[in-house]
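Below is one structure, written out as structure tokens; comments come after it.
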Amino acid sequence: MKLLFLHCDYIKFKPLKKALKSVEELSEKEKKEHEVKECLGVFVAVEKGDSVENVNDLINNVKDVASQVKAKKIVLYPYAHLSNNLANPEIALNVLEESEKSLKRDFDVIKAPFGYYKEVELKVKGHPLSELSREISPTAGSPTAHPNALSKSNKQPAKQEDYDPHKLLNEISKSRLDTSKLKENDHRILGQQMDLYSFNEVAPGMVFWHNNGLIVRDELIKFWKEIHKQHGYLEISTPQIMDKRLWQISGHWDKYKENNFLTNYENKDFIVKPMNCPGGMLVYRHSTKSYRDLPLRVGELGIVHRQELSGVLGGLFRVVQFIQDDAHIFCTEEQADEEISGIIDLIGLFYKKFRLPYRVELSTRSEKRIGTDEMWNKAEKLLKKALDRKKMDYKTSGGQGAFYGPKIDFHVKDSLGREWQCGTIQLDFSMPERFELEYTGKDDKRKRPIMIHRAIYGSLERFIGILIEHYSGRLPCWLSPIQVRVINFTDRNNKYAERIFGKLKEEGIRVDLELSSVPLSGKIRDAELMKIPYIIVVGDKEEKEKTIAVRTKGEKKIKNMEVDDFVEQVKKEIEEGSRKI
RNA sequence: GCCUCGGUGGCUCGGUAGGUUAGAGCGCGACAUUGGUAAUGUCGAGGUCGUGGGUUCGAUUCCCACCCGAGGCUCCA
């Protein structure tokens with residue numbers, strides 16, 4: 001429905017001739033010219049899809065505008081020319097008459113006749129609010145709209161909002177941490193000290209990555225990509241918001257409605273993706289597949305959003321927005337066993353690299369589930385078989401599976417002894433079914449692949465939190481935001497220090513320079529608190545001998561080295577850390 | 001979402017049993033200082049005491065609501 005509001009000194013109209021055959025004859029009185037002074041003209045075009053359910057929206061808009069311009073008289077004027085997608089006359093008339101009835105409770109209402117050619121004359125006041133248009137979308141207020149949907153935005157209020165940016169700025173504050181119950185190596189404290197990231201109340205549960213933290217995240221991603229390439233994975237990236245219908249197909253809408261972030265675009269409901277898989281399904285479907293393509297391993301480092309109960313958030317361990325190191329493996333039932341084994345190995349290798357202890361758990365069918373019991377039997381058996389074959393030590397917990405399939409979870413232990421689920425392997429017969437995935441078999445028949453969802457880090461955010469605590473902030477060199485700090489001994493050595501700094505930087509080492517004129521011990525202390533792996537001090541002695549004094553991660557021993565030797569050593573350490581599993 | 005606790009400069013924390021200019025250390029800036037591996041000195045800037053409302057002559061302080069955070073439940077595709 002489209003509305004045009006004109007605040008007028010007067011409106012005059014006179015019906016001349018019927019425009020529609022179906023409308024009733026007007027009485028003699030109604031055929032006369034009408035004049036209304038000091039009124040709000042409401043010109044209405046009722047469109048396809050509108051119904052009496054939209055009357056309330058119309059009323060609210062009229063009330064809104066009338067109160068702003070302080071109008072008491074309303075001229076309700078059918079004005080088809082606002083739209084090229086008109087509702088049929090019966091509905092339009094119905095909507096208009098209902099509207100008139102409701103408006104009469106609060107205003108003097110004059111309704112211009114429907115279905116007549118009319119002569120009209122009016123004078124618009126010309127103040128800033130005297131001409132307004134509004135659009136009411138047919139879905140607004142309908143029972144199908146989600147309660148959280150931005151139905152207000154459908155109103156498209158044209159009024160200028162009244163706010164004071166300075167006042168608003170005071171209302172939003174960064175999140176202050178209550179450290180009273182936290183250990184010293186809690187990632188929330190270390191994250192602040194090391195300037196890795198922060199939180200702000202404008203985005204609860206969503207990380208503001210600072211430069212230092214982003215370096216850690218990027219390194220983990222780089223490493224992940226490297227290893228996955230080596231293990232035969234392809235990589236894709238799918239959109240951040242997708243049509244609600246996609247989530248209805250996948251079943252996420254039914255199961256997790258209330259946890260989704262909703263938005264809309266072009267009058268369609270969109271969902272901010274809580275999962276990567278449906279996007280991945282569409283990529284699979286984009287081209288025909290043959291048995292030769294299987295197993296097809298497709299990774300996606302996707303940003304997902306999930307609304308969580310407000311009490312469960314905690315630093316990086318539990319967030320609302322996170323990067324999932326997802327991958328989907330499409331394969332035949334016969335291949336599943338080997339694929340699962342491969343993933344178990346891969347996860348083990350990752351955790352071993354970070355020296356993280358972990359525990360394995362098999363989660364079987366949950367109450368909230370889709371798919372037949374037959375599927376579940378098959379899937380559970382496959383997972384069990386792989387675990388047994390690998391002689392894994394694992395616990396079975398009933399009812400804990402994902403809604404589309406059973407899973408193997410990998411729980412990593414943090415420094416407090418708390419366990420966090422990171423890695424997961426989930427078998428899924430259901431999603432391929434719902435998305436009608438197919439491949440052509442050797443026998444030229446259409447077959448349905450099965451699908452394995454898996455993640456290793458689980459959430460990059462959580463994994464970084466665990467790493468920070470696990471290493472008490474002393475990240476391995478290849479992950480450290482600052483790998484080397486160069487410190488001068490006195491101002492006399494600045495030039496030499498700058499040369500060393502430049503050389504290391506050229507070599508691709510993340511290095512910074514500290515030339516302030518405070519005593520050395522103070523600068524050493526700062527660098528240690530920042531958990532910088534290598535501290536280089538250059539003074540008169542080093543300058544004369546063309547060496548550097550190297551202090552390694554918290555060790556008190558100082559080693560005098562040639563710059564080139566140091567560069568070689570550090571580069572080798574970084575290289576090995578970031579490429580090899 | 002529920003129960004308990006918290007929110008005072010960038011950070012860590014004092015303080016106000018309602019009353020003039022809310023303090024300190026670190027950090028930041030300036031100046032002095034030129035020192036050998038976990039804190040050099042002096043001076044200076046920096047605060048709507050989480051937000052909104054109420055009580056009051058007066059609220060950072062008391063009351064209410066909300067927001068954010070922490071611990072614990074519940075939850076985690």
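First the proteins, then the strands, lettered A, B, ... as listed; each starts at 1.
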Next on the checklist: Whole angstroms only, please: what is the CG-P distance between A:Asp186 and B:G69?
Outcome noted: 14 Å
Checklist entry - Which whole number of Å gives the distance between the P atom of B:U12 and that of B:C75? => result 33 Å
Item to check | P-based separation of B:C66 from B:C2 [nearest Å] | outcome: 9 Å
Checklist entry - To the nearest angstrom, how far is A:Asn488 atom CG from B:U37 atom P? => result 15 Å
Item to check | Atom P, compared across B:C63 and B:C43: separation rounded to whole Å | outcome: 41 Å
Checklist entry - For B:G9, does either OP1 or OP2 sit under 4.0 Å from a side-chain N or O belonging to A:Arg176? => result yes
Next on the checklist: Tell me the interatomic distance from A:Gln421, atom CD, to B:A77, atom C1', rounded to whole angstroms.
Outcome noted: 11 Å
Item to check | Atom-pair distance (CZ on A:Phe208; C1' on B:C68), nearest Å | outcome: 13 Å
Next on the checklist: Rounding to an integer number of Å, can you tell me how far A:Phe317 CZ sits from B:G71 C1'?
Outcome noted: 14 Å
Protein-nucleotides 32-34 of chain B N/O pairs closer than 3.5 Å?
from: B:U33; atom 1: N3; to: A:Ser517; atom 2: OG; distance (Å): 3.3
from: B:U33; atom 1: O4; to: A:Ser517; atom 2: OG; distance (Å): 2.8
from: B:U34; atom 1: O2'; to: A:Arg492; atom 2: NH1; distance (Å): 2.9
from: B:U34; atom 1: O2; to: A:Asp491; atom 2: N; distance (Å): 3.1
from: B:U34; atom 1: N3; to: A:Asp491; atom 2: OD1; distance (Å): 3.3
from: B:U34; atom 1: N3; to: A:Asp491; atom 2: OD2; distance (Å): 2.8
from: B:U34; atom 1: O4; to: A:Asp491; atom 2: OD2; distance (Å): 2.2

Checklist entry - Can the ring centres of A:Phe322 and A:His305 be said to be less than 6.0 Å apart? => result no
Checklist entry - What nucleic acid atoms does A:Lys407 come within less than 4.0 Å of, heavy atoms only: base, sugar-phosphate, or nothing? => result sugar-phosphate
Checklist entry - Between atom CD1 of A:Ile452 and atom OG1 of A:Thr424, what is the distance when rounded to the nearest 0.5 Å? => result 11.5 Å
Next on the checklist: Using the P atom as the point on both nucleotides, what is the distance between B:G15 and B:A77, in whole Å?
Outcome noted: 45 Å
Item to check | Proximal nucleotide (of B:A38, B:A77, B:G71) relative to the A:His252 side chain | outcome: B:A77
Item to check | A:Ser521, nearest nucleotide to its side chain (from B:G1, B:A38, B:G6) | outcome: B:A38
Next on the checklist: If I take atom CZ from residue A:Arg448 and atom CD from residue A:Glu333, how far apart are they, to the nearest 0.5 angstrom?
Outcome noted: 12.5 Å
Checklist entry - From B:G69, B:U12, B:A77, pick the nucleotide closest to the side chain of A:Ala402? => result B:A77
Next on the checklist: Below the 4.0 Å mark, does B:A70 have OP1 or OP2 next to a side-chain nitrogen or oxygen of A:Arg188?
Outcome noted: yes
Checklist entry - With a 4.0 Å cut-off on heavy atoms, is A:Gly522 in touch with a base, just the backbone sugar-phosphate, or nothing at all? => result sugar-phosphate
Next on the checklist: Heavy atoms only, 4.0 Å cut-off, all strands: where does A:Lys181 land among base, sugar-phosphate and nothing?
Outcome noted: sugar-phosphate
Checklist entry - Salt bridge between A:Lys571 and A:Glu507, side-chain N to carboxylate O under 4.0 Å? => result yes
Checklist entry - Contact class for A:Ala549 vs. all strands (heavy atom < 4.0 Å): base, sugar-phosphate, or nothing? => result base
Next on the checklist: Let's test this: given Watson-Crick or G-U wobble pairing with both distances under 3.5 Å, identify the partner of B:G41.
Outcome noted: B:C31
Next on the checklist: Students often get this wrong, so: under 4.0 angstrom with heavy atoms, is A:Asn200 touching a base, only sugar-phosphate, or nothing?
Outcome noted: nothing
Checklist entry - B:G19 and B:G58: how far apart are their P atoms, nearest whole angstrom? => result 14 Å
Checklist entry - Distance check: side-chain N/O of A:Ser310 vs OP1/OP2 of B:G69, anything under 4.0 Å? => result no
Next on the checklist: Under 4.0 Å, counting only non-hydrogen atoms across every strand here, what does A:Pro274 touch: a base, just sugar-phosphate, or nothing?
Outcome noted: base
Checklist entry - Base, sugar-phosphate alone, or nothing: which one does A:Leu309 contact when heavy atoms must sit under 4.0 Å apart? => result base
Item to check | Side-chain-base donor-acceptor pair under 3.5 Å for A:Arg318 and B:C75 | outcome: yes
Next on the checklist: Taking any heavy-atom pair under 4.0 Å as a contact, classify A:Ser250: base, sugar-phosphate, or nothing.
Outcome noted: nothing
Next on the checklist: Do A:Ile303 and A:Gln321 make a side-chain contact, defined as non-hydrogen atoms from C-beta onward lying under 4.5 Å apart?
Outcome noted: yes
Next on the checklist: For a quick check of understanding: with a heavy-atom distance under 4.0 Å over all strands, which category does A:Asp540 fall into, base, sugar-phosphate or nothing?
Outcome noted: base
Item to check | Gap separating the CG atom of A:Leu479 from the SG atom of A:Cys477, nearest 0.5 angstrom | outcome: 9.5 Å
Item to check | Rounded distance [0.5 Å steps], CG in A:Asp428 versus NZ in A:Lys407 | outcome: 12.5 Å
Checklist entry - With a 4.5 Å limit on heavy-atom distance, are the side chains of A:Arg217 and A:Ile323 in contact? => result yes
Checklist entry - For B:G36, does OP1 or OP2 lie under 4.0 Å from any side-chain N or O of A:Lys556? => result no
Next on the checklist: In the structure I gave you, are the side-chain heavy atoms of A:Ile408 and A:Phe410 within less than 4.5 Å of one another anywhere?
Outcome noted: yes
Item to check | Residue mapping more 5' on RNA chain B - nearest nucleotide basis, A:Asn259 or A:Val538 | outcome: A:Val538
Checklist entry - Does the base of B:G36 carry an N or O that pairs as donor and acceptor with the side chain of A:Glu542 under 3.5 Å? => result yes
Checklist entry - Closer than 4.0 Å, any side-chain N/O of A:Lys273 to the OP1 or OP2 of B:A77? => result no
Checklist entry - So which nucleotide from B:C68, B:C5, B:C73 ends up closest to the side chain of A:Asp178? => result B:C5
Checklist entry - Under 4.0 angstrom, heavy atoms only, what part of the nucleic acid is A:Ile535 near: base, sugar-phosphate, or nothing? => result nothing
Checklist entry - With a 4.0 Å cut-off on heavy atoms, is A:Gly251 in touch with a base, just the backbone sugar-phosphate, or nothing at all? => result nothing
Item to check | Spacing of A:Leu520 atom CG relative to B:G35 atom P, expressed in whole Å | outcome: 12 Å
Item to check | From B:U37, B:G1, B:C76, nucleotide with atom closest to A:Arg462 side chain | outcome: B:C76
Next on the checklist: Name the residue from A:Arg434, A:Arg369, A:Lys255, A:Gln426 that meets the side-chain hydrogen bond (donor to acceptor under 3.5 Å, both in side chains) definition with A:Tyr404.
Outcome noted: A:Gln426
Item to check | Atom P, compared across B:C5 and B:G9: separation rounded to whole Å | outcome: 23 Å
Checklist entry - When you compare B:A24 with B:C31, how far apart are their P atoms, in angstrom units rounded to a whole number? => result 24 Å
Next on the checklist: Categorize A:Tyr404 for me: base, sugar-phosphate, or nothing, with a 4.0 angstrom heavy-atom threshold over every strand shown.
Outcome noted: sugar-phosphate
Checklist entry - Below 4.5 Å, heavy atoms only, C-beta onward: do A:Phe350 and A:Ile227 meet side chain to side chain? => result yes
Checklist entry - Would one find more than 12 heavy atoms of other residues, nucleotides or ligands at under 6.0 Å from atom CD of A:Glu338? => result no
Checklist entry - Using a cut-off of 4.0 Å on non-hydrogen atoms, how would the nucleic acid contact of A:Ile487 be classed: base, sugar-phosphate, or nothing? => result nothing
Next on the checklist: Check this one for me: any side-chain N or O of A:Gln192 less than 4.0 Å away from OP1 or OP2 of B:U12?
Outcome noted: yes
Checklist entry - Starting at CD of A:Glu367 and ending at P of B:U74, how long is that distance when rounded to a whole Å? => result 16 Å
Checklist entry - Please give, in whole Å, the distance from B:U51 C1' to A:Asp164 CG? => result 15 Å
Checklist entry - On a whole-Å scale, what distance lies between the C1' atoms belonging to B:G69 and B:U8? => result 15 Å
Checklist entry - Which part of the nucleic acid, if any, lies within reach of A:Lys541 when heavy atoms closer than 4.0 Å are counted: base, sugar-phosphate only, or nothing? => result base
